There are 4 protein chains.
Amino acid sequence: MKESKKDRIIDAAVRLFHTQGFDGTSVRDIASKANVNVALVSYHFGGKKGLYEELMTQFLEGHLQIMKNELEKTITTNKELVLSLIKSLLEYQSKNHFVARMVHREMTMDSVLVRELMSTYLRKEKHDLEEIIRTGMKRGEFRKQPLDFVVIHLRTMINMPFQSPHYLSELYQITTTEPYFIERYMKHIRHWVDLWLCKNQSEYTTTTTYLLPRSIS
Amino acid sequence: MKESKKDRIIDAAVRLFHTQGFDGTSVRDIASKANVNVALVSYHFGGKKGLYEELMTQFLEGHLQIMKNELEKTITTNKELVLSLIKSLLEYQSKNHFVARMVHREMTMDSVLVRELMSTYLRKEKHDLEEIIRTGMKRGEFRKQPLDFVVIHLRTMINMPFQSPHYLSELYQITTTEPYFIERYMKHIRHWVDLWLCKNQSEYTTTTTYLLPRSIS
Amino acid sequence: MKESKKDRIIDAAVRLFHTQGFDGTSVRDIASKANVNVALVSYHFGGKKGLYEELMTQFLEGHLQIMKNELEKTITTNKELVLSLIKSLLEYQSKNHFVARMVHREMTMDSVLVRELMSTYLRKEKHDLEEIIRTGMKRGEFRKQPLDFVVIHLRTMINMPFQSPHYLSELYQITTTEPYFIERYMKHIRHWVDLWLCKNQSEYTTTTTYLLPRSIS
Amino acid sequence: MKESKKDRIIDAAVRLFHTQGFDGTSVRDIASKANVNVALVSYHFGGKKGLYEELMTQFLEGHLQIMKNELEKTITTNKELVLSLIKSLLEYQSKNHFVARMVHREMTMDSVLVRELMSTYLRKEKHDLEEIIRTGMKRGEFRKQPLDFVVIHLRTMINMPFQSPHYLSELYQITTTEPYFIERYMKHIRHWVDLWLCKNQSEYTTTTTYLLPRSIS
DNA sequence: TATGAATGAGAGTTCATTCAT
DNA sequence: AATGAATGAACTCTCATTCAT
């Protein structure tokens, strides 16, 4: 069975929004890339804005769902919980990296939509992250630190690869979509969690200054 | 002496680009906010795009200049150098936070302009950052770690407040422009440098979980 | 059935281009004369230039078609062929005199478009005209003369009424569109062909110095 | 002494108007080609239109002056008069071929300016031409023919090279400005005058079918 | 005489959306 | 569900001209 026209629109839109932004993408661009009639966008999604918002909310709902699933796991330590959560969120964003990038960029705008999404989705995310950290501190697993910057730092670590993928690929030839990227990045994350969140001393087991040989040249 | 019309255009443009993005801002918006004739934008800057690029390159050149100045300082340790550099870059971005945000957002786009700016400015920045870290490692000041992710992490720490200012203000009521923000953030940075870059153990002196009382509520 | 909006645009454009030239005619002029929305010009013709070129090529293709039809006729003498060809081309231009004038004027410009049309259409026309004249000379029907200027002269005779219609109407009250104009002009042409192309001596049968009495005043 | 700025403007304008037409040429084009300030056009000529009209009237006044001079010559025959007149007008147009072309094209427009120039200059020209022909007919030098088309034909012969120079150069490699063009064209004209205007039989002395060997290929 | 800044008008084109089919 | 035609609004940019200097 062929992909439905509605899906074709979504695929085209995701790619174009991700590359050129919302205002930089025209409905005709989308329609012609999806090889469908222009009017179909309005028909199926109630307009360009509706399509855009649908993409955003779908992504953010999936994001929250991931967090919910992780939090419901029975886990031994909060450190394990954090690491598992980070990994899952990285994988989710990697799988939907076009939309991820689109969402991260949109979140830097000052619009009604953004404020709504902030309240609806990111407030919940923030709450969950705080809860994990706070509990870890109480249990003595995590170092006592000001909660706000810790959460922000944590969130930054999770999103960074998808917020600046162009920087990574252009200057370091790191593509966030290649199979082993998450594995590599998790190594860095694990180290960071050990040193920064927890009280433990930890060292990289490898002695190379670059993880990837080719980047050395 | 009154502000020239050219400057008025720049001021208006910075604010509008920062809020709505390039494509979301019309030349008429800028002209009417600056209270000048629409045609003046084309006259002085050769069009909307020319104005935009001028803002970007001016900012990035200032950015590189800051780095150059810092690197020429005679400093005792590389740790001091890194901290001083971070502080200066934070102050620079804070002073030009509208443009900073604009630049960071643009850098997530896939455009010819971005690739040019990457090669021209960010490559230089990357080179300098790598040099500092590498030297610090050689001297035994910094922990041996893969260079690529360390630099990226460092850069992320420097830019984060201006890359996601909306998140900070909306969810944590942290405004990056308030007088004491840099001081607060530098506390976090210093701690991070101690633990993460250097081998030292270091603890926050305060025991509060939030730096800012009002954020607790 | 009413005239389609596309056709209304064409009609309006032909009249306006003919009167004011390409650059002197605005898309809004055309649209308002055709009583359609401005955007329709871009929609149907891909812009003002596209509309213009379509008009030109349509006319020139018709022109070539006329010549092709004439050349395929079985004719007794080359003189008959020339006369029949001239008459058909005059009638074609008379029927499309607005476009004809537009094309003749455009052909005096130095543009890429003109050079393309020259190579594509006029080169073919030139070849056919040369062929007719050359064959007539070989057969002894036509006087031996330098081919280049003869062809140019012939072509000038065919186009003159539509290249300077304003001069004719303003100074001689001759309108190229009135029913009997071609008949009158062909009388002149026939005489010219006899004397100039062929070796025959020929006299006007009429003794009046003006063909049209009213022009005498 | 260097060329004055006013003259530089005229030179630039002539070239640009000739190439792109009035509406296709902007004041900024002219100013930048002449390497002067834009405002100078308005200052010296009272605007673009004023400059244009000055060029036109200057040319047409020179044209009339040529005719006046020729008519005042004491000449033996009207045939000699016609030939001398044609030659002088060809030389005048050749010397000012940019303006000539500009004027011929403008004369195909429907504008107030054109109607004014028609009444002012071309009416006089028409009158003179008619006078010459009519007198020649009375004297029995010229064949009796309808006066209107004869004058129109004569005028067409005089202007043709400058009305369709692009056709000549593009398809026949004939440049109207090359030194011997007028000589060559006058040969054609003389033949035409003999056969067409006068009653004489006349043959080309040369037997080549092309005047210019290179055009044969 | 000459200029750079500035302007209002209008240029061509693209926009997202609507509607009859 | 899908489409081509059509629209009004808005877009960026260029236009010829003016004006203070």
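Here the structure is a predicted model, which is why all the values come from computation and not from measurement. We name chains A, B, ... by the order of the sequence lines, and we start the count at 1 in each one. Note that these values count all heavy atoms, side chains included, but never hydrogens, waters or copies made by symmetry.
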Which of Glu61(A), Glu116(A), His63(A) passes side-chain hydrogen bond (donor to acceptor under 3.5 Å, both in side chains) with Tyr121(A)? It is Glu61(A)
Integer-rounded Å distance: [N] [atom2] and [X] [atom1]:
{"X": "Ile30(A)", "N": "dT17(E)", "atom1": "CD1", "atom2": "C1'", "result": "14 Å"}
{"X": "Leu51(B)", "N": "dC11(F)", "atom1": "CG", "atom2": "C1'", "result": "16 Å"}
{"X": "Leu40(D)", "N": "dA5(E)", "atom1": "CG", "atom2": "P", "result": "16 Å"}
{"X": "Asn35(A)", "N": "dA2(F)", "atom1": "CG", "atom2": "P", "result": "12 Å"}
{"X": "His44(D)", "N": "dA16(F)", "atom1": "NE2", "atom2": "C1'", "result": "17 Å"}
{"X": "Asn37(B)", "N": "dA16(F)", "atom1": "CG", "atom2": "P", "result": "16 Å"}
{"X": "Tyr43(D)", "N": "dT18(F)", "atom1": "OH", "atom2": "C1'", "result": "14 Å"}
{"X": "Phe45(A)", "N": "dT17(E)", "atom1": "CZ", "atom2": "C1'", "result": "16 Å"}

Could you tell me which nucleotide pairs with [N] by Watson-Crick or G-U wobble geometry, both distances under 3.5 Å, or answer none if nothing does?
{"N": "dT17(F)", "result": "dA6(E)"}
{"N": "dA1(F)", "result": "none"}
{"N": "dA11(E)", "result": "dT12(F)"}

Closest of dA6(E), dT17(F), dA6(F) to the Lys5(B) side chain is dA6(E)
Whether the His104(D) and Gln93(D) side chains hold a donor-acceptor pair (N or O, under 3.5 Å, no angle test) is what I'd like checked.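 Judged by distance alone, the side chains do pair up.
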State whether the side chain of Ser164(D) and the backbone N or O of Tyr167(D) hold a donor-acceptor pair below 3.5 Å, judged by distance alone.
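Checked: no pair found.
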ask   = Lys49(B) or Asp23(D): which one's nearest nucleotide on DNA chain F is closer to the 5' end?
value =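 Final value for this comparison: Lys49(B).
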Quick one: on DNA chain E, does Val27(C) or Gly46(A) contact a more 5' nucleotide (nearest heavy atom)?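 The 5'-side residue here is Val27(C).
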>> Between Lys6(D) and Lys48(A), which residue's closest nucleotide on DNA chain E lies nearer the 5′ terminus?
In response: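 Residue closer to the 5' terminus by nearest nucleotide: Lys6(D).
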**Report entry** Residue pair Asp11(B) / Glu3(B), side-chain heavy-atom distance below 4.5 Å
**Finding:**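 Asp11(B) reaches Glu3(B) side chain to side chain.
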On a heavy-atom basis, the closest approach of Gly24(D) and Asp29(D) is O-OD2, 4.3 Å
Note to self: Taking donor-acceptor contacts at under 3.5 Å, does the side chain of Arg28(C) reach the base of dG10(E)?
What the structure shows: no
Check your understanding: What does Ser26(D) touch in the nucleic acid at a heavy-atom separation under 4.0 angstrom: a base, only the sugar-phosphate, or nothing?
Key ->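 Touches sugar-phosphate only.
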